[in-house]
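Being a predicted model, the structure only gives us computed values, none of them experimental.
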There are 2 protein chains.
Amino acid sequence: MAAAPHRGSPPDSTLEVFGDAVAAAAARHLALSPAASMQELAEAAGVSRATLFRRFPSRAALVAELCEAAAEAFARAVEEAAPADGPPPQALARVLDALGRLAAVVGLLGLQPLQEHVEASLLARTAATEEALRDLVRRGQESGDFRVEVDPEWVLTMLTWLLVGAADGVRLGRLTAGSAQRHLAATLTAALHRPGGPPRHP
Amino acid sequence: MAAAPHRGSPPDSTLEVFGDAVAAAAARHLALSPAASMQELAEAAGVSRATLFRRFPSRAALVAELCEAAAEAFARAVEEAAPADGPPPQALARVLDALGRLAAVVGLLGLQPLQEHVEASLLARTAATEEALRDLVRRGQESGDFRVEVDPEWVLTMLTWLLVGAADGVRLGRLTAGSAQRHLAATLTAALHRPGGPPRHP
DNA sequence: CTCGCGTGAGACTTAAACGTCTCAGATGAG
DNA sequence: CTCATCTGAGACGTTTAAGTCTCACGCGAG
């Protein structure tokens, strides 16, 4: 009987990422339990299995749609943080702040086993975003703010997997969302910033 | 647990972790493809499905055994690095060196979806190891070598997931095993070490 | 040569999940 | 009131992979 419990103000940021409540609930459950069946996902979303199939033609389509929404959110967050603008340290801070808030939402979806072509499509969607982040790293290295010995590729790896780790730590109750976000930012900052002094512009 | 067929000189470090060649091959394939069927795993190991079932009574048993071997290797590597001995910076370096070499072997197995009780058993096995690592962090903080604002819990999270990330980066061809290991160590070191000066012992 | 052991091949049963379909009840608009 | 629509419940067929079993082959030991 509980179709759409629209109450006062849903503090749930997954909603705005995944569009509707069913998708959001399914995403949450799928993140905790990657092998969940359509039955389980329907229960988690509070609808019947039939309704879930009406909304998503197949399980693969469901997973693909959720992962694409997550990738989209990731890409938009980075874009809005404008990594190409202003001094690299500040740009990095903006990016980390934006991504930290996404951890709980999209982190664990990164673990989802995907079909080949879906994974390729996701990589294609985020390729430009990743390149923008690599550019930021290189820009900071040229300006003297960031360590030159850090591979931009490793920065992407850190970003991706520490996001997942933050989400997992929160899931296991080992970290709070706030502390995870702070530690994520602090770690990336420490890894990138040169220990000595910031810039020198000859 | 069958006997180990010791032949000439296997250059494959997965062998010594997983005991026999069948288990090692299955582990490698399972890491790349977490949803692989017994058919696929048998082919990857170069044996028939029947033989795979003779070696492992069920798929769950296979996954459990591989993950337990990985956890065992992780725990042993940390123990042998003696995190409680000597100055914290050196102890940390030993631990990171040992774990970096394990990345390719055990990293991706951490992603495996496990049954509840198996996961619990793994966590129980590694609890002491994790506590030893937390102790190392705290010891370094008390000695003034490490930043006090870093949560030991976050260090474990970083360690775990950057290990996975390193393995994944190598799998995707984005990083080489050597560079991944170096970056892993550099990142943890940068995240932990105090930027100013090492110790002060009043 | 012959025995015994392990392996590969493949048939078979079972279990679980996917995906389709139908039908009855609830709800809201006109 | 009536109709259109959406939903839940559940039956149903299909597929896929797990797990079991049998049998024939190869190979080394005695």
Rounding to a whole Å, what distance do you find between [X]:[atom1] and [N]:[atom2]?
X	N	atom1	atom2	result
Phe53(A)	dT22(C)	CZ	P	17 Å
Arg55(A)	dT5(D)	CZ	P	20 Å
Phe56(B)	dA18(D)	CZ	P	14 Å
Gln39(A)	dA16(C)	CD	C1'	12 Å
Glu43(A)	dA17(C)	CD	P	11 Å

| query | Any donor-acceptor pair under 3.5 Å between the side chain of Arg54(B) and the base of dG8(C)? | reply | yes
| What's the shortest heavy-atom distance between Thr129(A) and Ala75(A), and which atoms? | OG1-CB, 3.4 Å
| Closest heavy-atom pair and its distance - Ser58(B), Met38(B) | C-CE, 4.3 Å
| remark: Per nearest nucleotide of DNA chain D, the residue lying toward the 5' end, Met38(B) or Leu52(A), is Leu52(A)
| When the nearest nucleotide of DNA chain C is assigned to Arg49(B) and to Gly46(B) on a heavy-atom basis, which residue is associated with the more 5' position? | Gly46(B)
| message | Quick check on Glu149(A): does its CD atom have over 12 non-hydrogen neighbours (other residues, nucleotides or ligands) under 6.0 Å away? | response | yes
| message | With a sphere of 6.0 Å drawn around CZ of Arg171(A), does it hold more than 12 non-hydrogen atoms of other residues, nucleotides or ligands? | response | yes
| query | Is any side-chain N or O of Ser48(A) closer than 4.0 Å to OP1 or OP2 of dT7(D)? | reply | no
| Phosphate OP1/OP2 of dG8(D) contacted by Thr51(A) side-chain N/O (<4.0 Å) | yes
| said: Side chain of Arg59(A), heavy atoms from C-beta onward: which of dG19(D), dG19(C), dG8(C) has the nearest atom to it? | reply: dG19(C)
| task | Give the nucleotide from the list dG10(D), dA17(D), dG19(C) with an atom nearest to the side chain of Ala50(A). | result | dG10(D)
| task | Say whether Thr51(A) and Ser48(A), considering side chains only, have a donor N or O and an acceptor N or O under 3.5 Å apart. | result | yes
| query | Regarding Ser179(A) and Thr176(A), is there a side-chain donor-to-acceptor distance under 3.5 Å anywhere? | reply | yes
| note | Students should find that the end-to-end axis angle of the helix from dC1(C)-dG30(D) to dG30(C)-dC1(D), with five pairs defining each axis and rounding to 10 degrees, is 10°
| query | Parallel under 30°, tilted from 30 to 60°, perpendicular over 60°: which one fits the rings of Trp154(A) and His183(B)? | reply | parallel
